[in-house]
Amino acid sequence: MERVALSEKLEFSRLIYGMWRLADGEASSPKEVEAKIQACLDQGITTFDQADIYGEYIAESIMGAALKSNPALAKQMEIITKCNIVVDAGRHSGTRVKHYDTSRDHILSSVDWSLKEMGVDHIHLLLIHRPDPFMDHHVTGAALDELVTSGKIGSVGVSNFRPWDWDLLQSTMKNRLVTNQIEISLKEITPFANGDLAFHQRQGHRLMAWSPLGGGDLMTGSSALTTIMDQLAVTYRVDRASIAVAFLLAHPAKILPVLGTNNLKRIEAISDTLKVKLDRQDWFQLYQAALGHEVA
Ligand SMILES: NC(=O)c1ccc[n+]([C@@H]2O[C@H](COP(=O)([O-])OP(=O)(O)OC[C@H]3O[C@@H](n4cnc5c(N)ncnc54)[C@H](OP(=O)(O)O)[C@@H]3O)[C@@H](O)[C@H]2O)c1
């Protein structure tokens with residue numbers, strides 16, 4: 001598996017396994033989660049994406065139970081987690097209004113919570129989950145720098161930020177933001193043309209793409225787009241999901257897809273997507289089908 005340097009001190013696997021859905025369904029016992037993590041590690045997928053809010057604030061503890069049952073796993077993993085979304089659930093039950101919290105107290109207590117729930121003493125990368133329209137960038141930037149200095153987190157990034165949100169937060173920080181995790185897929189092609197990719201490409205940042213299968217929507221139904229995906233799947237002898245991910249992998253921005261299947265059989269085959277090398281015309285065939293018309 002290709003390794004990717006996000007900074008001088010941070011290296012991830014090219015494919016990342018996302019744990020948003022870990023609390024869904026029934027396969028969430030420590031042994032079952034251990035098997036999912038091991039299936040990723042067996043393919044060289046060492047980077048795992050969490051958030052305090054996943055599973056209404058319980059996905060981190062579900063992963064933590066697996067790490068406790070097999071302590072050798074954590075040593076082989078890089079862990080990403082996120083904070084700042086507050087909803088009326090779990091440890092935030094009683095919250096009156098869904099909101100974002102980028103205050104120092106909230107960020108510091110969220111990280112302590114995540115460390116405890118996952119049973120680890122270090123988070124490789126902390127992301128601010130959503131841009132906060134009420135953010136005091138001086139306060140947030142200082143809190144994030146403080147966490148790096150403390151050693152509780154290794155690096156800082158953001159998620160769902162537009163270029164101006166990135167610039168605002170970065171302007172107050174000593175540490176460099178290392179990535180932006182945004183929605184990019186054949187279902188959400190906007191970032192290819194709205195300046196988001198261009199902004200990060202120009203600065204040499206590596207982006208992460210969440211929901212590369214459109215959260216599963218690209219796997220169901222039939223449309224002009226899925227017809228082309230299926231034709232390419234036949235050409236490259238893979239499944240439709242691999243074509244969706246290959247579309248991201250082919251782009252010169254060197255995007256890191258964050259895959260979310262919660263099904264062990266599918267997890268075991270995730271790296272099949274790396275067999276596919278789409279060429280420029282394959283890419284445009286998919287892009288235009290997603291766009292709904294030929295490029296001008
Ligand atoms: N930063 C953010 O704001 C944000 C937002 C959303 C997600 N994320 C991250 O991105 C990760 C991935 O998101 P996602 O789960 O929506 O990603 P995804 O990979 O686009 O979608 C996964 C979903 O597709 C379904 N699916 C149907 N057919 C499939 C097939 N052939 N192969 C694989 N999956 C198939 C899966 O079902 P099965 O489980 O049954 O396979 C699962 O429900 C999350 O876990 C999270 O880490 C971040």
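Counting starts at 1 for both ligands and their atoms, following the listed order. Since the structure is predicted, the reported quantities are computational estimates derived from the model, not experimental observations.
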_Using a 4.0 Å cut-off to any heavy atom of His129, which atoms of ligand 1 qualify?_
1 (N), 2 (C), 3 (O)
*asked:* Once you restrict to heavy atoms under 4.0 Å, what part of Ile182 touches ligand 1? Side chain, backbone, both or neither.
replied: neither
*For Asn160, atoms of ligand 1 separated by under 4.0 Å from a heavy atom*: 1 (N), 2 (C), 3 (O)
*Is there a nitrogen or oxygen of Ala241 sitting under 3.5 Å from a nitrogen or oxygen of ligand 1?*
no
_Give me the nearest non-hydrogen protein atom to atom 17 (O) of ligand 1 as residue plus atom name, then the distance to 0.1 Å._
Ser211 CA, 3.4 Å
*Are a donor atom and an acceptor atom from the side chains of Asn160 and Trp210 found within less than 3.5 Å of each other?*
yes
_Atom indices of ligand 1, in the order listed, that fall short of 4.0 Å to a heavy atom of Gly260_ = 12 (C), 15 (O), 17 (O), 19 (O), 22 (C)
*Give me the one residue out of Lys116, Arg91, Lys82 that meets salt bridge (charged side-chain N to carboxylate O under 4.0 Å, His left out) with Asp52.*
Arg91
*Considering only the protein, which heavy-atom contact is closest to atom 10 (O) of ligand 1, and what is its distance?*
Trp210 CB, 3.4 Å
*Pair Asp121 + Lys152, salt bridge at N-O below 4.0 Å*: no
*So, Arg130 side chain and Ile85 main chain: donor-acceptor pair closer than 3.5 Å or not?*
no
*State the atoms of ligand 1, each with its element, that fall below the 4.0 Å cut-off from a heavy-atom position in Tyr54.*
4 (C), 8 (N), 9 (C), 46 (C), 47 (O), 48 (C)
*Would you say the side-chain atoms of Tyr17 pair up with the backbone N or O of Ile267, donor to acceptor, closer than 3.5 Å?*
no
*Would you mind running through ligand 1 and noting each atom that sits below 4.0 Å from a heavy atom of Asn263?*
39 (O), 41 (O)
_Identity and distance of the protein heavy atom lying nearest atom 34 (N) of ligand 1_ = Leu213 CD1, 3.2 Å
*Starting from atom 12 (C) of ligand 1, locate the nearest protein heavy atom and write down its residue, its atom name and how far away it is, to 0.1 Å.*
Val258 O, 3.2 Å
*Taking the non-hydrogen atoms of Tyr17, is any one of them nearer than 4.0 angstrom to ligand 1?*
no
_Assess, by modelled atom type and distance only, whether the side chains of Asp239 and Ser242 contain a donor and an acceptor separated by less than 3.5 Å._
yes
*Would you confirm whether Asn70, through its side chain, and Leu67, through its main-chain N or O, come within 3.5 Å as a donor-acceptor pair?*
no
*Please state which protein non-hydrogen atom is closest to atom 30 (C) of ligand 1 and give its distance, to 0.1 Å?*
Arg266 NE, 3.5 Å
*Closest approach of any protein heavy atom to atom 1 (N) of ligand 1, naming residue and atom*: Ser159 OG, 2.8 Å
*Considering residues, nucleotides and ligands other than Glu11, do more than 12 of their heavy atoms fall under 6.0 Å from its CD?*
yes
_Give me the residue, atom name and distance of the protein heavy atom closest to atom 28 (N) of ligand 1._
Met219 CG, 3.3 Å
*Is there a ring pair (Phe, Tyr, Trp, His ring centres under 6.0 Å) between Phe199 and Trp164 once you walk through the steps?*
CA-CA 10 Å; Phe199 171 79; Trp164 45 87; 9.0 Å; no
*Distance, nearest 0.5 Å, that separates CG of Leu41 from CE of Met1*: 10.5 Å
*Does at least one non-hydrogen atom of Met208 fall below 4.0 angstrom from an atom of ligand 1?*
no
*asked:* Gly18 versus ligand 1: do any nitrogen or oxygen atoms come within less than 3.5 Å of each other?
replied: yes
_Would Leu259 count as being in polar contact with ligand 1, using the rule that some N or O on each side must be under 3.5 angstrom apart?_
no
*asked:* Heavy-atom distances under 4.0 Å decide this one: backbone, side chain, both or neither, for Met19 against ligand 1?
replied: backbone
*How does Gln50 reach ligand 1, if at all, at less than 4.0 Å between non-hydrogen atoms: by side chain, backbone, both, or neither?*
neither
*Strictly under 4.0 Å, does any heavy atom of Lys82 approach an atom of ligand 1?*
yes
_With side-chain contact (heavy atoms from CB on, under 4.5 Å) as the criterion, how do Leu144 and Leu169 come out once you've worked through the C-alpha distance, each side chain's angles and the decisive distance to 0.1 Å?_
CA-CA 10 Å; Leu144 293 167; Leu169 181 58; 4.1 Å; yes
*Going through the checks in order, is the ring pair (Phe, Tyr, Trp, His ring centres under 6.0 Å) test met by Phe12 and Phe48?*
CA-CA 9 Å; Phe12 284 166; Phe48 294 81; over 10 Å; no
*Main-chain N/O of Asp24 paired to Asn262 side chain as donor or acceptor, under 3.5 Å*: yes
*Candidate with minimal heavy-atom separation from atom 41 (O) of ligand 1, of Ile270, Thr261, Ile80, Asn180*: Thr261
*Short N/O distance, under 3.5 Å, between Arg21 and ligand 1?*
yes
*For the side chain of Thr273 and the backbone of Ile270, is there at least one donor-acceptor N/O pair under 3.5 Å apart?*
no
*asked:* Just checking His92 against His99, ring centres under 6.0 Å apart?
replied: no
*Identity and separation of the nearest protein heavy atom to atom 24 (O) of ligand 1*: Gly216 CA, 3.1 Å
*Is Asp49 close to ligand 1, meaning an N/O of one under 3.5 Å from an N/O of the other?*
yes
